[in-house]
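What follows is a single structure, written as structure tokens, with notes after it.
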Number of protein chains: 2
Amino acid sequence: MTHFGDHLRQRREALRKTDRRYSLRQVAQRVGIEPAYLSKIERGDLQPPSEATTLRLAGELGEDPDVLLAMAGKVSSDLQAIIRKRPKLFADLLRQLKQAPDHAILTVVREVRDGDW
Amino acid sequence: MTHFGDHLRQRREALRKTDRRYSLRQVAQRVGIEPAYLSKIERGDLQPPSEATTLRLAGELGEDPDVLLAMAGKVSSDLQAIIRKRPKLFADLLRQLKQAPDHAILTVVREVRDGDW
DNA sequence: TGTCATGTATCGTATATACTACACATTTGA
DNA sequence: TCAAATGTGTAGTATATACGATACATGACA
């Protein structure tokens, strides 16, 4: 499993190949953090940043926010809020689905989307 | 919405009516925290405790752990781990189900439980 | 060849989290 | 009635979180 920082750096360097605006310093500036801070994060010297900063990084680097948050060891606060409103229901559901294969979960997602209630 | 601390106190006092072992001090001791700390939590003077302590409180007071954690503004770390392993899938699922009525989610839970994969 | 940008090392800070320790006034039960 | 138990006020602590500011060596490039 590739590290959060490694992943950031790989992604940034990839974008950098076709766009010089993706230097560490410029990305840091657009994201609103110090270059030194981003440097240490990319190198795994520091913990991944806060949810808010991680989301801005995802936006800047064109990454899926939930996936990047997951790599940062976090779960989006809006998802947490959904669970907290009906904790028993969603706790049961998630533990049931823990073992289920991806396609089964996808099926459920589609069922719900197309479901009529 | 009743406060986390209020809820704890109500629950503890209810148990106390039939069992003197549910004094604040004795519960605190069994849970492994200082009475003064539990007092302030019940009165809403301090934030809800850590996940670990909240779970011990749930056990001691016979409450559903996920529900009590939700009242503490948290989501169980094992549920978070489930989500983090397949963030896109579960993020989509939860956002789909955000609006769904309880019975629809229950149906999904049962479908998955009885499903054959 | 000099200057501009780049990545990084070092140091420091503000705030939040998660409690403990102790003392004290009040209440309860034998 | 008095000793034990109860709830609470005050003060303090250790650790984690989430960064900022500054300075510096290296590399690119014009």
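Throughout, a chain's letter reflects where its sequence line sits, starting with A, and its residues are numbered from 1.
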Would you mind classifying the nucleic acid contact of [X] as base, sugar-phosphate or nothing, using non-hydrogen atoms under 4.0 angstrom?
X	value
A/Gln26	sugar-phosphate
B/Leu38	nothing
A/Arg9	sugar-phosphate
A/Ser23	sugar-phosphate

**Message:** If hydrophobic clusters are built from ILVMFWY residues whose side chains come within less than 4.5 Å, do A/Val109 and A/Val75 share one?
**Reply:** yes
Check this for me: does any side-chain nitrogen of one of [X] and [Y] sit under 4.0 Å from a carboxylate oxygen of the other?
X	Y	answer
B/Arg43	B/Asp6	no
A/Lys88	B/Asp66	no
B/Glu51	B/Lys74	no

Interatomic distance, [X] [atom1] vs [N] [atom2] [rounded to whole Å]:
X	N	atom1	atom2	answer
A/Arg25	D/dT22	CZ	P	13 Å
B/Leu8	D/dG7	CG	P	13 Å
A/Tyr37	D/dC19	OH	P	4 Å
A/Ile33	D/dG20	CD1	P	7 Å

**Asked** Could you state the interatomic distance from CZ (B/Arg9) to OG (B/Ser39), rounded to the nearest 0.5 Å?
**Response** 5.5 Å
**Request:** Mind checking the NZ-CD1 spacing from B/Lys98 to A/Ile83? Nearest 0.5 Å is all I need.
**Result:** 12.5 Å
**Request:** Decide if atom CD of B/Gln29 counts as having more than 12 heavy atoms of other residues, nucleotides or ligands within a radius under 6.0 Å.
**Result:** no
**Asked** Taking everything shown except A/Gln47 itself, do over 12 heavy atoms lie less than 6.0 Å from its CD?
**Response** no
**Prompt:** Of all the choices, D/dT10, D/dC24, D/dT8, which nucleotide is nearest to the side chain of B/Lys40 once you look at every atom?
**Reply:** D/dT10
**Asked** Could you give the start and end, 5' to 3', of the contact zone on DNA chain C for chain B, using atoms under 4.0 Å from its heavy atoms?
**Response** C/dA18 to C/dA23
**Asked** Does NZ or CZ of A/Arg30 fall inside the cone over A/Tyr22's six-membered ring, less than 6.0 Å from its centre and within 45° of the axis?
**Response** yes
**Fill in**
Numerically ordered, the residues 47-81 of chain B set in heavy-atom contact under 4.0 Å with DNA chain C is B/Pro49, B/Ser50, B/Thr53, B/Lys74
**Message:** Between B/Arg20 and B/Glu34, which residue's closest nucleotide on DNA chain C lies nearer the 5′ terminus?
**Reply:** B/Glu34
